[in-house]
Visitor: 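Would you mind keeping the following structure in view while I ask a few things?
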Amino acid sequence: MRLAILAVLALTAALGWGAASSARQTGVAPVGSPARCLAVASVMVEAESESVRAGRMILALGETNGASQADMARTRQSVEEAERAVASSRAIAARFPPDTRVDATTKRHLMDAVSIGALRTELADCAASPAAAPAPSRVVNGFVREDGQDRPGNDLGMVEVRTDDFEACRALCAANDRCRAFTLYTPPPREKSFCWLKHAAGPARADPHSVGGVRR
């Protein structure tokens, strides 16, 4: 079987949600609300993660299926784009109040009745919403938490920690008198995280793979 056919089948299965539907929207959170945005982000994480898995399967089978180097390169690019989309969706979800939960009814409606293209557009609108702005006063045990932010440079050192273990990274910084800030970096495929301790909090920049902390 040619790689192109396999790719179409796999990615169609991964991204096939969203045929038009006349399903009632009773109980569905309104567009632009935190609950709706969180549900959109959750659906996108699942959809793009499935695309990553499908793409990796294609790459693993590519050589035995006689795939060309051009085919393999295109598939790798698709996997990388899906990995970035997963990280971006997670970063957007993290901007909303921590007590906001994914509404099951809204999530099911999105999966059944909204296309992936429309969900991408809606997620971009959610990211631009004032409600999605990271709260500068969000203090966690003496540190201001900065979701989706990195402060490059000023490194004291790096320690590998469990995936997304913000508290472990915060504790390492808190125990070091020289540490004024840290960045918890979790690159795709999100199998591990790296805690970078910093002697100064330099200028911040957006990074969907990072969560920062600055000592108060």
Side-chain angles (χ1 to χ4, degrees), residues 37-38 41-42 44-60 72-73 75-100 102 123-124 126-128 132-216:
C37 287
L38 199 59
S42 177
M44 290 303 298
V45 166
E46 292 181 13
E48 299 291 3
S49 294
E50 188 61 33
S51 297
V52 171
R53 287 190 288 269
R56 288 178 181 165
M57 180 187 69
I58 292 168
L59 290 172
M72 297 288 279
T75 302
R76 287 192 189 94
Q77 182 178 356
S78 296
V79 170
E80 291 171 359
E81 290 173 352
E83 287 175 339
R84 287 193 292 270
V86 170
S88 178
S89 298
R90 283 178 170 147
I92 292 170
R95 297 179 188 180
F96 288 88
D99 58 346
T100 306
V102 176
L123 189 61
C126 287
S137 61
R138 186 179 178 190
V139 179
V140 180
N141 294 328
F143 286 77
V144 177
R145 175 167 174 150
E146 300 177 324
D147 292 291
Q149 297 288 319
D150 178 26
R151 290 181 181 269
N154 304 308
D155 297 322
L156 289 170
M158 182 273 290
V159 179
E160 183 178 326
V161 297
R162 292 178 301 177
T163 302
D164 296 325
D165 196 342
F166 177 87
E167 177 55 27
C169 195
R170 185 210 64 79
L172 287 168
C173 185
N176 187 326
D177 291 339
R178 297 181 59 202
C179 184
R180 308 307 305 169
F182 64 85
T183 295
L184 181 65
Y185 175 60
T186 309
R190 304 189 65 81
E191 295 175 346
K192 59 183 67 175
S193 293
F194 303 94
C195 177
W196 288 91
L197 304 184
K198 301 173 181 294
H199 61 77
R205 71 177 182 187
D207 181 357
H209 305 302
S210 297
V211 179
V214 179
R215 192 191 291 263
R216 293 198 65 183

Visitor: Going through the distances and angles, do Ser193 and Asp165 end up as a side-chain contact (heavy atoms from CB on, under 4.5 Å)?
Guide: CA-CA 7 Å; Ser193 293; Asp165 196 342; over 6 Å; no

Visitor: Looking only at non-hydrogen atoms, find the nearest pair between Arg215 and Asn176 and report the distance.
Guide: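 Taking every non-hydrogen atom into account, NH2-O, 3.2 Å.
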
Visitor: Which heavy-atom pair separates Val144 from Arg216 by the least distance, and what is that distance?
Guide: CG2-CG, 3.7 Å

Visitor: For residues Phe166 and Phe182, establish whether the separation of their ring centroids is below 6.0 Å.
Guide: yes

Visitor: Could you tell me whether the SG atom of Cys169 lies less than 2.5 angstrom from the SG atom of Cys195?
Guide: yes

Visitor: Using a strict 4.0 Å threshold on nitrogen-to-oxygen distance, state whether Arg162 and Asp164 make a salt bridge.
Guide: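 Looking at Arg162 and Asp164, the cut-off is not met.
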
Visitor: So which atom in Ala181 and which in Ala200 form the shortest heavy-atom distance, rounded to 0.1 Å?
Guide: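 For Ala181 and Ala200, the tightest heavy-atom pair comes out as CB-O, 4.4 Å.
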
Visitor: Less than 4.0 angstrom from a charged side-chain N to a carboxylate O is my criterion; do Arg56 and Glu83 meet it?
Guide: yes

Visitor: Going from CH2 on Trp196 to CE on Met158, what distance comes out if it is rounded to the nearest 0.5 angstrom?
Guide: 5.0 Å

Visitor: Donor-acceptor check, side chain of Ser49 to backbone of Val45, threshold 3.5 angstrom: yes or no?
Guide: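 Here the side-chain-to-backbone pair exists.
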
Visitor: Any non-hydrogen side-chain atom of Ser89 less than 4.5 Å from a side-chain atom of Leu123?
Guide: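 Of all side-chain heavy-atom pairs linking Leu123 with Ser89, at least one is under 4.5 Å.
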
Visitor: What are the two closest non-hydrogen atoms of Lys198 and Gly153, and how far apart are they?
Guide: NZ-O, 3.1 Å

Visitor: Roughly how far apart are Asp147 CG and Asp207 CG, rounded to 0.5 Å?
Guide: 12.0 Å

Visitor: State the CZ-CD distance between Phe143 and Glu167, to the nearest 0.5 angstrom.
Guide: 9.5 Å

Visitor: With a 4.5 Å cut-off on side-chain heavy atoms, are Arg84 and Pro188 touching?
Guide: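 Result no, sub-4.5 Å side-chain heavy-atom pair not found.
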
Visitor: Side chains of Ser210 and Leu184, heavy atoms from C-beta outward: is any pair under 4.5 Å?
Guide: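 They are not in side-chain contact.
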
Visitor: Could you grab the distance from atom SG of Cys173 to atom CZ of Arg170, nearest 0.5 Å is fine?
Guide: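 Result: 9.0 Å between the selected atoms.
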
Visitor: Can you see which heavy atom on Arg53 is nearest to which on Glu46, and at what distance?
Guide: NH2-O, 4.5 Å

Visitor: For residues Arg151 and Val214, determine if any side-chain heavy atom of one lies less than 4.5 Å from a side-chain heavy atom of the other.
Guide: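 Yes, close enough: below the 4.5 Å cut-off.
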
Visitor: Mind checking the CZ-OG1 spacing from Arg90 to Thr186? Nearest 0.5 Å is all I need.
Guide: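 With rounding to 0.5 Å, CZ (Arg90) is 9.5 Å from OG1 (Thr186).
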
Visitor: So, taking the atom named CG in Asn154 and the one named CG in Leu197, what distance separates them when rounded to the nearest 0.5 Å?
Guide: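 Result: 12.0 Å between the selected atoms.
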
Visitor: Under 4.5 Å between any side-chain heavy atoms of Leu38 and Ser42, yes or no?
Guide: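 The answer is no, as the side chains (C-beta and beyond) never meet within the 4.5 Å cut-off.
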
Visitor: Nearest heavy-atom pair of Val211 and Arg145: which atoms, and what distance?
Guide: CG1-NE, 3.7 Å

Visitor: Kindly say whether Asp150 contributes a backbone atom to a donor-acceptor pair with the side chain of Thr183 at under 3.5 angstrom?
Guide: no

Visitor: For residues Pro152 and Arg205, determine if any side-chain heavy atom of one lies less than 4.5 Å from a side-chain heavy atom of the other.
Guide: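 Yes - at least one pair of side-chain heavy atoms lies under 4.5 Å apart.
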
